[in-house]
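Below is one structure, written out as structure tokens; comments come after it.
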Protein chains: 2
Amino acid sequence: MRTLQPNRLVTTLPMPAPVHAPPDERQAADPHHVHEEPLRLASSDPEAGDPFRRKLATYVELTPGDIRELDGLAASGRRYPAQTPLLHQADIPECAILVLDGFACRYKFLTNGRRQITAYLLPGDLFELDLEFRLPLDCAVGTLTACRLALIPRSEYEDLIRRRPRIARALQMVRLTEAATLREWITNLGSRSGPERLAHFLCEMLLRLRATGLASENQYSFPITQADLADTLGMSCVHVNRVLQKLRRDGLIELSGRRLTILRPDGLRTLAEYDASYLKPAATPLRPSASDRPAA
Amino acid sequence: MRTLQPNRLVTTLPMPAPVHAPPDERQAADPHHVHEEPLRLASSDPEAGDPFRRKLATYVELTPGDIRELDGLAASGRRYPAQTPLLHQADIPECAILVLDGFACRYKFLTNGRRQITAYLLPGDLFELDLEFRLPLDCAVGTLTACRLALIPRSEYEDLIRRRPRIARALQMVRLTEAATLREWITNLGSRSGPERLAHFLCEMLLRLRATGLASENQYSFPITQADLADTLGMSCVHVNRVLQKLRRDGLIELSGRRLTILRPDGLRTLAEYDASYLKPAATPLRPSASDRPAA
DNA sequence: CGTGTCATTGAGAATGTTCAATAGGTGTGG
DNA sequence: CCACACCTATTGAACATTCTCAATGACACG
């Protein structure tokens with residue numbers, strides 16, 4: 001039996017009401033947590049303007065009109081404290097969620113109290129998948145750290161997709177990358193030992209954060225709790241702690257003050273057998289053309 | 001360290017040349033294995049006509065024209081022996097693969113010799129995902145048992161999608177279901193003990209096979225090797241064996257002669273905490289209408 | 001300075017792996 | 001029909017990994 005000691009979140013996350021629409025109260029409700037974290041992330045890199053635009057631009061060549069629309073989305077961000085549930089399992093979401101700042105995630109609870117995180121939503125990531133089909137969610141969505149999020153109503157989102165073929169195409173490729181990432185996680189959880197697993201996760205985070213300018217060469221802000229890491233990697237948080245120490249002892253990483261430095265990048269990659277190709281599909285970008293309509 | 005004893009497949013699978021186009025030689029190359037297995041599966045259920053059509057019909061209402069097209073695809077099946085690699089990791093596939101009979105899978109190898117299966121392709125399942133974007137595959141594809149497969153050239157497949165909006169829509173929902181299944185597997189690998197994990201897998205197989213008429217109420221043909229199960233569930237095959245025995249000892253299942261019987265379905269479901277909602281999205285089927293074009 | 005959260009440590013127990021051997025079943029060739 | 005080869009399933013025993021429980025530090029906040 002694998003009845004892990006219930007982590008902090010087990011009691012925190014499921015209790016508050018889920019957020020279906022932008023809850024203005026939240027901003028006032030829990031102000032102490034909210035003000036530092038996101039700013040720290042954003043200010044850590046001068047280029048971090050709009051991570052979503054940056055990310056899509058790696059897949060397709062965006063037109064000025066596309067960019068204007070994307071910037072419009074990013075303008076409407078709201079702040080949420082850490083560990084806030086946003087959508088519950090089986091909800092039928094009425095809006096897409098764009099992460100502007102901070103870390104969010106998809107997760108599931110089991111009745112034994114265990115939680116499994118199935119995906120990280122980093123700045124520039126969009127939660128939207130089943131929107132068009134109005135399917136009940138197969139997992140919950142919530143913040144890990146304090147976040148700035150843009151909630152995009154369904155109609156507005158669908159409209160965007162219709163008007164902006166390039167963006168729609170980029171989002172399809174994002175979906176493919178996400179599916180590939182899920183398979184990579186399955187491999188990680190099923191076939192790698194504790195240290196390898198953690199190393200793999202840290203490598204993935206580095207590359208994903210770098211793609212939006214939120215990580216420098218070998219360093220990034222890492223505000224993830226060991227308990228969250230445990231729920232990510234399928235281990236107890238005691239074991240996460242020990243594995244972290246092993247990586248430190250081996251001189252692979254340094255982790256202090258919510259900041260991770262990878263000291264020996266290829267050492268870590270080798271340990272993890274990390275092959276990043278699943279993250280960067282050899283995109284065949286569409287070139288801007290006359291058929292592109294101007295912004296509405 | 002998790003350097004499992006290399007299963008049989010480690011040496012078998014990577015060696016033969018990958019199959020990019022229908023290899024007629026295969027049919028003659030290994031005839032002994034090929035002739036029984038698929039027939040046994042097919043004949044086990046009178047309604048098993050075209051599992052692909054059956055599956056899509058659970059998502060949308062198909063028109064007679066749609067059905068004719070789908071039946072056309074299924075007609076062109078070819079046989080492949082068990083444990084045949086079809087596509088290698090990093091390949092850019094030139095055809096979709098429709099499973100008509102037998103079990104295939106997606107998998108990855110690690111350099112330590114371990115293999116992780118990331119998805120099962122059962123009769124009625126289609127491998128196609130990255131086709132449109134011509135991305136290198138993030139994992140390999142191969143048969144587990146002897147299979148009958150239809151290889152659909154890229155152009156023909158894209159044509160089908162264009163001409164058949166209902167089919168295209170159904171396939172999008174299939175993709176959503178597949179993504180949900182990946183997340184479920186992550187949860188399974190990360191958060192469940194051996195017996196729970198296996199139980200969950202067996203429950204999923206039951207429902208998926210039932211959806212295409214290949215399982216009766218609580219029984220199905222189960223031609224999977226314990227070594228394959230090990231690569232699926234992230235455990236050693238010795239442990240798979242012991243966990244299987246435990247489920248048998250607890251009177252939950254009976255497994256003999258490649259046939260699995262679930263003796264206490266709710267016992268198994270409870271153990272696995274199995275919630276099948278990820279497999280059956282509350283579809284909103286399109287009704288056939290005048291806008292539907294007749295078959296070409 | 002008390003409270004709460006997160007990180008760290010120790011020690012015993014459970015789960016899962018490895019290695020190695022044995023058993024069962026099936027098809028092949030004589 | 002039997003002996004053999006091969007593949008799969010099963011078993012035992014030693015070992016490794018990981019978990020649980022419980023206690024202790026470290027640090028931030030009011």
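Note on naming: letters A, B, ... go to the chains in the order of the sequence lines (proteins, then strands), and numbering restarts at 1 for each one. Nothing here was measured: the structure is a model prediction, and the numbers come from that model.
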Problem set entry | Atom-pair distance (NE2 on H239(A); C1' on dA22(D)), nearest Å | 18 Å
Problem set entry | Rounded distance (Å) that lies between atom P of dC19(D) and atom CG of L229(A) | 13 Å
Exercise. So, E184(B) and N188(B): side-chain donor and acceptor under 3.5 Å apart, yes or no?
Worked result: no
Exercise. After noting the C-alpha distance and the side-chain angles of Y220(B) and M205(B), does the key distance pass the side chain to side chain contact (heavy atoms under 4.5 Å, CB included) rule?
Worked result: CA-CA 9 Å; Y220(B) 50 92; M205(B) 291 298 268; 3.4 Å; yes
Problem set entry | d(CG, N112(B); P, dT17(D)) in whole Å | 14 Å
Exercise. Can you list every salt bridge (Lys or Arg N to Asp or Glu O under 4.0 Å) pair that touches residues 242-253 of chain A, not counting sequence neighbours?
Worked result: K246(A)-D250(A)
Problem set entry | Axis-to-axis angle between the two ends of the helix from dC1(C)-dG30(D) to dG30(C)-dC1(D) (five base pairs per end, rounded to 10 degrees) | 30°
Problem set entry | Identified side chain to side chain contact (heavy atoms under 4.5 Å, CB included) counterpart of I253(A) within the set T261(A), L268(A), L198(A), N218(A) | L268(A)
For this session: Starting at atom CE of M235(A), determine the distance to atom P of dT18(D), rounded to an integer number of angstrom.
Result: 8 Å
Exercise. Over how many whole Å does the gap from Q83(A) atom CD to dT5(C) atom P extend?
Worked result: 11 Å
Exercise. Where the side chain of R258(B) is defined as all heavy atoms beyond and including C-beta, which of dT18(D), dA9(D), dT20(D) is the nearest nucleotide?
Worked result: dA9(D)
Seminar exercise, completed: In this structure, CD1 of I262(A) is separated from CG of L255(A) (nearest 0.5 Å) by 10.5 Å
Detail all sub-3.5 Å separations between protein N/O atoms and N/O atoms belonging to nucleotides 10-13 of chain D.
| from | atom 1 | to | atom 2 | distance (Å) |
| --- | --- | --- | --- | --- |
| dT10(D) | OP1 | R248(B) | NH2 | 3.2 |
| dT10(D) | OP2 | Q226(B) | NE2 | 2.6 |
| dT10(D) | OP2 | N241(B) | ND2 | 2.7 |
| dT10(D) | OP2 | R248(B) | NH2 | 3.3 |
| dT10(D) | O5' | N241(B) | ND2 | 3.2 |
| dT11(D) | OP2 | Q245(B) | OE1 | 2.4 |
| dT11(D) | OP2 | Q245(B) | NE2 | 2.8 |
| dG12(D) | N7 | R242(B) | NH2 | 2.5 |
| dA13(D) | N6 | R242(B) | NH1 | 3.3 |

Problem set entry | N-O pairing of R259(A) and E254(A) below 4.0 Å | no
Exercise. So how far is it from T225(B) OG1 to L144(B) CG, rounded to the nearest 0.5 Å?
Worked result: 8.5 Å
For this session: Take the angle between the ring planes of F103(B) and Y120(B) and call it parallel below 30°, perpendicular above 60°, tilted in between.
Result: perpendicular
